[in-house]
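Values below: every heavy atom of this structure, side chains too, minus hydrogens, waters and symmetry copies. Chain letters run A, B, ... following the sequence lines, proteins first, then strands; residues in each count from 1.
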Amino acid sequence: MADERRYNPHEIEAKWQSIWERERTWEVSNDADGDLPKSYVLEMLPYPSGEPHMGHLKNYSVGDAVAHFHRRTGRRVLHPMGYDAFGLPAENHAIRTGEHPRESTRKSIEAFQRGMRSWGISIDWSREFGTHEPRYYRWTQWIFLQFYKRGLAYRKEAAVNWCPKDATVLANEQVIDGRCERCGTVVEARQLEQWFFRITDYADRLLDDLETVEWPPHVVTMQRNWIGRSEGAEVIFRQPELGVDYPVFTTRPDTLFGATFFVMAPEHPDVLRLAAGTEHEEAVRGYVNHALSESSEERADTERTKTGVPLGRTVVNPVNGERIPMYVADYVLMEYGTGAIMAVPAHDQRDYDFARAFGLPIRPVVAPADGTVEEGEAFVSHTEGEVLINSGPFTGMTAVAAKDAIIDWLDTQGLGHRSINYRLRDWLLSRQRYWGAPIPMVYCDRCGLVAVAEEDLPVLLPEIEDYRPKGRSPLAAAEDWVNTTCPQCGGPASRETDTMDTFVDSAWYFLRYTDPDNESAAWDPDIANYWMPVDQYIGGIEHAILHLLYARFFVKAFADMGMIDSQEPFLRLFTQGMITRAGAKMSKSKGNMISPEPYVERYGADTARAYILFIGPPDQDADWTDEGVEGVYRFLARLWRLGVDIAARAGARALAPGGGGDAGDDLELMRKAHWAIDKVTNDLAGRFAFNTAIAAVMELVNEAYRRREGASDEALHFAAGTAASLIFPFAPHTGAEVYELLTGDRVWEEPWPAADPAMLERDVIQIAVQVNGKLRDRIQVPADAGRDDVESAARERPNVARHLDGHEVAKVVVVPGRLVNFVVR
RNA sequence: GCGGCUGUGGCGGAAUUGGUAGACGCGCGGGCUUCAGGUGCCCGUGAGCCUUGCGCUCGUGGAGGUUCGAGUCCUCUCAGCCGCACCA
């Protein structure tokens with residue numbers, strides 16, 4: 001083949017990128033002209049810190065393949081890009097270097113813009129924004145005010161997670177194993193007044209609507225577990241001496257007769273009052289003080305032995321009037337339920353551990369169907385067929401039936417009722433940090449808490465000199481900014497100095513993309529309703545809970561406000577696996593980071609993109625190897641040479657799907673081309689099987705090379721053009737170049753090729769012949785051959801006859817088009 | 001502890017519905033071109049056995065099972081990874 005010209009990806013990529021840039025090829029208007037269905041393809045927006053890495057290359061290579069495929073299969077595709085620019089890393093960088101976060105963020109955004117353009121990702125750049133720009137965060141603040149008006153944003157004092165290193169509070173979701181998600185420091189509990197979003201109001205809808213989205217099951221499970229809905233009952237235990245009723249939450253009302261003690265959390269406001277005047281008063285005070293000083297990490301350690309002290313009081317078990325002792329113990333959490341529990345040591349492992357440590361009675365009340373139970377043994381299981389024992393009038397009922405019966409009885413007595421509890425907590429959104437959107441609220445001595453007027457938005461982030469965290473927001477130092485007038489009375493007032501969690505910024509950005517230049521509203525509902533929901537969302541599994549839950553909450557709140565019709569932001573979700581190096585996660589500290597840039601420089605973006613998709617299933621982790629990159633480069637060069645060679649012989653003309661002769665190399669090559677169309681189409685439409693799709697194009701190219709002596713120019717032309725067309729979503733520059741060489745046309749303006757069903761069928765097929773399930777031969781038979789013909793053809797084969805000889809054939813299984821299996825004795 | 005995912009040649013992986021295991025790529029071996037190597041092009045490549053054949057046996061972490069037939073379904077089990085974790 002002609003070799004004096006070499007595959008030169010840089011020349012090719014620069015050529016097509018400049019065409020796409022100049023002609024604004026990937027921009028899409030909001031005018032829904034024609035009948036084309038819309039498709040919103042979105043990758044999670046990057047956090048602009050440093051340079052793009054391999055994870056970004058993978059994310060955008062996957063998204064771009066989907067976007068291109070959707071466009072060529074007749075959809076109007078919205079594929080925008082932006083930057084999640086506020087947040088701690090930029091601010092910490094500023095503290096270290098003195099460089100303003102705006103400056104370091106700008107540099108990083110430029111690096112992402114360069115990277116994305118050099119990769120040739122098909123983005124509608126006209127819709128680009130950063131969440132740190134006033135034209136964006138103005139509307140983040142506006143959304144906050146709408147939430148505030150509706151009681152969805154509120155301020156309260158609560159025990160919150162405090163990171164001493166970053167000197168800020170954290171959301172529950174940002175505490176991992178008792179440590180700060182960002183810096184790894186053990187978080188402390190602090191009693192502070194903070195801003196919250198009332199996401200718990202949406203707990204049921206967030207749970208139920210998971211059934212309406214097409215997400216990976218494990219992500220759905222993670223969200224479901226995070227919301228943690230538990231059905232049970234609230235039961236009232238009365239403390240007669242003080243005359244106070246203490247409700248507890250339980251999921252096991254059927255075990256009420258087995259309650260032998262009662263435990264309160266150290267944070268429970270009544271603990272000291274209850275113990276006052278008893279012999280335990282000092283011990284309780286000491287225990288509570290100690291418990292409050294412990295880190296949440298220490299307290300969460302399930303391995304340590306249970307501790308606690310008696311309160312010197314008793315409560316009345318409402319089902320049997322029994323007085324049971326009260327304790328304070330740190331295994332009971334104030335945040336969940338009512339901060340107090342009934343303890344049933346026979347049927348709860350934690351209560352069991354406590355009872356054993358304190359010598360408390362263990363009374364089984366649920367037994368297997370045969371009614372036997374070993375005395376004193378913990379018996380936590382709960383299976384079908386269990387019955388109640390030692391349970392007064394409920395004895396003998398099944399546990400399942402008793403649950404309902406006991407709740408109903410309590411309800412009639414006014415001693416309890418059905419209840420549901422959630423693990424989900426309200427979203428703590430205020431941060432004592434600089435680089436975020438200011439919370440648009442004002443404190444007035446006369447009027448109290450007052451919202452900034454909507455027409456005064458944005459509340460601009462002031463310039464400051466010193467970003468260092470001091471336990472209060474750095475914004476407090478900007479006195480000119482802090483001191484303002486009350487929007488209500490005009491008197492002196494001061495601004496809220498906390499900023500919003502970055503997750504607020506990213507909880508609605510996908511809506512702004514639909515209408516990014518709107519200066520009178522966050523978005524036009526008609527426009528957003530046209531594009532939403534996102535048809536395909538693509539990103540890392542690390543956002544399985546936080547970002548995805550917050551965005552879902554926002555959209556539901558917007559729907560309630562009539563701002564959007566969708567109840568869910570992301571119809572389909574794809575979570576990509578990590579790129580590893582020698583099996584290890586890449587990290588700066590390990591020094592095994594590899595950047596896409598040198599590979600793009602050496603082999604071109606198409607090779608880097610196609611390789612990252614070819615390496616394995618995109619939802620799984622994949623190990624980057626330089627040898628593998630070489631292989632994909634060789635393939636693309638091979639395709640390009642094939643195109644150059646055939647174009648020189650056949651000239652540029654339209655592809656002929658029925659081209660070439662109808663026998664021999666021509667027929668086989670045309671069949672291979674139609675097979676590849678079918679394979680790639682199915683791999684893209686039904687699933688994210690990019691690796692096998694690329695492999696199919698490789699097979700087509702190999703077939704063309706093998707048959708290029710015997711096949712006609714027409715057939716070779718169709719095969720090469722089809723390969724170029726099919727590789728386009730993965731290697732767009734090379735695909736466009738080869739397609740243009742062969743046809744003179746622009747491949748992205750061509751419809752996705754359609755496989756001719758007749759070319760997928762064969763007259764003569766090969767089927768397997770087995771004897772007792774073992775492969776003995778393969779035979780060629782007409783595709784429409786009947787059972788008997790297939791069987792007799794199989795029997796004639798020498799190797800088959802040999803294995804049948806001397807045996808009785810008990811059964812013959814014929815699977816049309818697949819195999820024939822002789823079962824012999 | 002609870003929940004989930006993964007396990008297939010020397011390596012990454014394929015097998016979409018229970019039907020010919022190992023597509024495609026890497027690596028390795030051989031040939032051709034060139035001949036200095038590389039590139040390029042073609043062929044071979046799961047393991048073992050010998051009687052070298054259109055051969056046989058074994059083979060998808062392990063042990064059982066269902067089936068004419070299991071990488072695929074069921075039971076148990078081992079290893080690695082991930083999520084949640086005193087949530088009553």
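Distance check on atom P: B:G7 versus B:U16 gives 14 Å, rounded to whole Å. Going from the P atom of B:C73 to that of B:A15 covers 14 Å, rounded to whole Å. Only the P atoms considered, B:G80 is 23 Å distant from B:U75, to the nearest whole Å. Taking atom P on both B:A79 and B:G30, the two are 43 Å apart, rounded to the nearest angstrom. For the C1' atoms, the distance from B:G9 to B:G25 is 14 Å, rounded to whole Å. Across the P atoms, B:C81 and B:U8 are found 15 Å apart, a figure rounded to whole Å. Between B:U67 and B:A88, the distance separating the two C1' atoms is 47 Å to the nearest Å. The separation of B:U20 from B:C78, taken at their C1' atoms, amounts to 31 Å, rounded to a whole angstrom.
The OH atom of A:Tyr352 sits 18 Å away from the C1' atom of B:A88 (whole-angstrom rounding). Atom P of nucleotide B:C26 and atom CE of A:Met698 are separated by 7 Å, given to the nearest angstrom. One can place NE2 of A:His218 at 10 Å from P of B:U6, the figure rounded to the nearest angstrom. Atom CG in A:Asp678 sits about 12 Å away from atom C1' in B:U16, given to the nearest Å. Between A:Asp683 atom CG and B:U16 atom C1' the separation is 8 Å, expressed in whole Å. Distance A:Leu775 CG to B:G22 P: 10 Å, rounded to the nearest Å.
Base orientation of B:C54: syn (glycosidic angle within 90° of 0). Applying the 90° cutoff around 0 to the glycosidic angle, B:G7 is assigned anti.
A cation-pi contact, defined as under 6.0 Å to the ring centre and within 45° of the axis, links A:Lys306 to A:Tyr331. Relative to the ring axis of A:Trp215, A:Arg552 places its NZ or CZ within 45° and under 6.0 Å from the centre.
In summary, the aromatic rings of A:Phe354 and A:Phe261 are positioned with their centroids under 6.0 Å apart.
One N or O donor and one acceptor, one from the side chain of A:Lys679 and one from the base of B:U16, sit under 3.5 Å apart.
Side-chain contact check for A:Ile612 versus A:Trp624: some heavy-atom pair is nearer than 4.5 Å.
Defined by atom type and a distance below 3.5 Å, a donor-acceptor pair is missing between the side-chain atoms of A:Ser230 and A:Asn421.
Looking at heavy-atom distances under 4.0 Å, A:Ile615 makes contact with sugar-phosphate atoms alone, never a base. Looking at heavy-atom distances under 4.0 Å, A:Pro617 makes contact with sugar-phosphate atoms alone, never a base.
In terms of position on RNA chain B, the residue among A:Ile694 and A:Asn799 whose nearest nucleotide sits closer to the 5' end is A:Ile694.
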